[in-house]
*Asks:* 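Got a structure for you, questions after.
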Amino acid sequence: MEGEMTMIVDAHTHMEAIIHGVSLDPRRRKMTRLLMWNFELMGFNNPLWRGEPPEWARIVIAMEGQLRISMSSKDNLLRFMDRNGIDRTVVHPIAPFAAPGDNLKLCAGEPRLIPFTCAHPSQDRWEEGVKEAMEGGCKGLKIHPILQRLAPEDPFYFDLLEVFAPYGRPVMAHAGEFDYYIVKDGYSAYGDTLRYEKLIAAFPQVPFILGHMGLYFPDKGLDLARRYENVYLETSFQPLRKVREAVGVAGRERVMFGSDWPESDSKYALRIARKAAGEDADLRDRITGANILALVS
Ligand SMILES: [Zn+2]
């Protein structure tokens with residue numbers, strides 16, 4: 001790879017992301033500049049609290065998250081990729097807000113976007129939907145217990161993995177307790193990273209990418225990566241020292257840059273990923289693109 005430019009790939013983005021009560025606002029083109037912006041400017045080092053935020057901050061973060069989700073149009077995604085020097089992004093749909101094949105249609109004709117699939121037990125014929133999506137070109141599966149309102153231990157996820165595992169592709173699993181709504185809906189605890197352990201252990205041949213590494217509790221992601229070879233860590237919202245620690249624990253092949261765009265502006269997570277690699281060009285290429293590409297191409 002010496003002297004060769006490798007592709008910059010964002011392992012975690014959302015397009016036309018829709019959650020309860022939030023739809024696309026085609027006129028929103030700019031990131032909010034509230035608390036999340038301050039975290040971004042501070043490199044996600046938070047001097048104010050440890051773990052989950054106090055209630056006042058949780059409310060601001062939830063509100064900001066909803067406003068950012070409303071700007072997740074294809075146009076905005078491609079514009080931010082151009083601006084931040086990102087060559088490819090993996091696009092994650094969330095069922096039941098999206099059907100298994102929706103992302104194929106959304107990403108069609110745009111080779112810079114890599115589609116994943118999704119499924120929810122409320123969807124008719126979801127098994128066929130997942131098979132058709134994978135055979136049609138999806139490169140992985142997104143699961144999100146909080147937004148899907150399904151416990152990580154729910155038998156549905158085991159059924160889904162039975163259908164999905166034969167394709168030999170990765171799962172992007174949201175990892176980390178989080179309240180998406182200003183009024184709490186009570187599902188935050190489904191984000192507890194350690195609750196994925198049974199699923200990860202049951203499908204050792206499936207790569208599980210832990211989105212955000214556990215978010216407010218990255219040590220949970222590190223713990224699973226230490227104990228399971230099929231666990232990968234995606235770096236969104238993590239500060240430099242945690243990304244370095246992730247490389248120390250999981251090794252250079254199982255850590256990858258992701259932003260969770262539009263929840264964060266990808267330039268900040270990319271900057272941290274590059275810094276974490278320091279002068280090690282091979283490590284930098286791996287974290288900023290090669291590791292995710294190895295799973296999806
Ligand atoms: Zn996500």
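No hydrogens, no waters, no symmetry mates; every other heavy atom, side chains included, goes into these values. First listed ligand is number 1; within each ligand, the first listed atom is number 1. Position 1 is the first residue of the sequence, and the numbers go up from there.
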*Asks:* Heavy-atom distance under 4.5 Å between the side chains of Q238 and F44, does that happen here?
*Replies:*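 With C-beta onward as the side chain, the pair stays apart.
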
*Asks:* Taking the basic N atoms (NZ, or NE/NH1/NH2) and the acidic carboxylate oxygens, is any pair closer than 4.0 Å for E197 and R227?
*Replies:*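 A salt bridge is present here (some side-chain N lies under 4.0 Å from a carboxylate O).
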
*Asks:* Once side chain to side chain donor-acceptor pair (under 3.5 Å) is applied, do any residues pair with T193, and if so which ones, sequence neighbours excluded?
*Replies:* none

*Asks:* Please table the atom pairs, donor to acceptor, closer than 3.5 Å between any side-chain atom in residues 156-164 and protein atoms at least two apart or in another chain.
*Replies:*
residue	atom	partner	partner atom	Å
Y157	OH	Q148	OE1	2.6

*Asks:* According to side chain to side chain donor-acceptor pair (under 3.5 Å), who are the partners of N230, at least two apart in sequence or on a separate chain?
*Replies:* none

*Asks:* Listing by chain and number, which protein N, O or S atoms are under 2.8 Å from the Zn ion (ligand 1)?
*Replies:* H12 NE2, H14 NE2, K142 NZ

*Asks:* Is any side-chain heavy atom of Y196 less than 4.5 Å from a side-chain heavy atom of I143?
*Replies:* yes

